[in-house]
Amino acid sequence: MKILTDRILSESAYTAEIDVSFEKIDIAEWLFTLPEAEYLRCCPPDHIGSGVTTTDDGRRMVINVEMIGTGLVIQHYVAEEATASYCRMNSISDVFTPLGRTQVNVIWELIAESIEGERTRYTNRVTSHPTDVFMDFVAAHGQTFEQAAVARQEAGGDHNRRETPLFAASIGRRAMAKAAAK
């Protein structure tokens, strides 16, 4: 399978502020210890399931199952970078649509930045690239890439807009709970 990195299927970035100082935030710790029930609360009813595992070569991995628009998406996010303030996760995601199954590449970036007043800005950035499998799927169903991109942009942007503030609140709660436990 080939990822077509020169084409963007969809991209969105939303921010939310967290009433916790930047120094207390640890996005990687939150992401790799996130209970499934908390993941479900971060974008109901879209979020269906999640889990943490590793690749065969030992890299950390998060599996997310969610509805994005009319597609059931299984994300296989492998950590390319995972720190307290930045995680870059890369997935070849399976997408089950009313027309069948295909695959896309999704880059998920989780970013924390210090802002005034002992607060943190959280950015949830998601970029999707088509694969050659996706391009064949679209063509087989009489759709253009541009039509598919418009639909994916609308659905993915809406999903990200709704989950970002809930992720930020969850990250903040986790940071406060860790600080209180010390």
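Just so you know, residue 1 is the first one in the sequence shown, and it goes up from there. What you see below is based on every heavy atom in this structure, not just the backbone, and it leaves out hydrogens, waters and symmetry mates.
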Nearest heavy-atom neighbours spanning [X] and [Y]:
X      : Y      : result
Ala13  : Thr123 : CB-CG2, 4.3 Å
Ser21  : Thr120 : C-OG1, 3.3 Å
Ser12  : Gly156 : OG-O, 4.1 Å
Pro165 : Ala16  : CA-CB, 3.8 Å
Thr70  : Pro98  : O-CD, 3.7 Å

Walk me through whether His159 and Val126 qualify under side chain to side chain contact (heavy atoms under 4.5 Å, CB included). CA-CA 10 Å; His159 180 85; Val126 181; over 6 Å; no

[Y] reachable from [X] in the ILVMFWY side-chain graph, under 4.5 Å edges:
X      : Y      : answer
Val150 : Val138 : no
Ile111 : Val20  : no
Tyr14  : Ile171 : no
Phe145 : Val106 : yes
Leu34  : Phe32  : yes

Within a 6.0 Å radius of atom CD on Glu118, are there more than 12 heavy atoms belonging to other residues, nucleotides or ligands? no

Output all residues satisfying side-chain hydrogen bond (donor to acceptor under 3.5 Å, both in side chains) with Glu38, sequence neighbours left out; order by chain, then residue number. Arg41, Ser170, Arg173

Pairs flagged by ring pair (Phe, Tyr, Trp, His ring centres under 6.0 Å) wherever residues 88-107 is involved - sequence neighbours left out: none

Ring pair (Phe, Tyr, Trp, His ring centres under 6.0 Å) contacts touching residues 106-127 (sequence neighbours left out): Tyr77-Trp108, Trp108-Phe167

Pairs involving residues 139-155, ordered by first then second residue, that meet salt bridge (Lys or Arg N to Asp or Glu O under 4.0 Å) (sequence neighbours left out): none

Can you name the side chain to side chain contact (heavy atoms under 4.5 Å, CB included) partners of Thr83, sequence neighbours left out? Glu81, Ser85, Tyr86

Which residues pass the side chain to side chain contact (heavy atoms under 4.5 Å, CB included) test with Thr54, not counting sequence neighbours? none

Stepwise, does the side chain to side chain contact (heavy atoms under 4.5 Å, CB included) test hold for Arg101 with Asp94? CA-CA 7 Å; Arg101 177 181 179 180; Asp94 295 296; 3.0 Å; yes

Side-chain donor or acceptor of [X] paired with backbone N/O of [Y] under 3.5 Å:
X      : Y      : result
Gln153 : Ser10  : no
His76  : Ser91  : no
His47  : Tyr39  : yes
Asn160 : Asn124 : yes

Going by side-chain heavy atoms closer than 4.5 Å, which hydrophobic residues are tied to [X], directly or by a chain of links?
X      : value
Leu166 : none
Val133 : Met1, Ile3, Ile92
Phe22  : none

CD-CD1 distance between Glu66 and Ile74, expressed to the nearest 0.5 angstrom: 10.5 Å

One pair to check against side chain to side chain contact (heavy atoms under 4.5 Å, CB included): His129 and Ile8. What are the steps and the verdict? CA-CA 5 Å; His129 298 281; Ile8 296 198; 4.1 Å; yes

Using the test salt bridge (Lys or Arg N to Asp or Glu O under 4.0 Å), find all partners of Glu23 that sit at least two apart in sequence or belong to another chain. none

Let me see the working for Phe137 and Leu99 under side chain to side chain contact (heavy atoms under 4.5 Å, CB included), right down to the final yes or no. CA-CA 9 Å; Phe137 177 84; Leu99 299 175; 3.9 Å; yes

Any side-chain heavy-atom pair from Glu163 and Asp46 closer than 4.5 angstrom? no

Carefully, step by step, assess Ser93 and Gln75 under the rule side chain to side chain donor-acceptor pair (under 3.5 Å). CA-CA 5 Å; Ser93 299; Gln75 315 276 15; 2.3 Å; yes

Here the side chain to side chain donor-acceptor pair (under 3.5 Å) pairs for residues 131-140, sequence neighbours left out, are none

Anything under 3.5 Å between a donor and an acceptor, one on a side chain of residues 58-65, the other on a protein residue two or more places apart or in another chain? List them.
from	atom 1	to	atom 2	distance (Å)
Arg59	NE	Asp57	OD1	3.0
Arg59	NE	Asp57	OD2	3.3

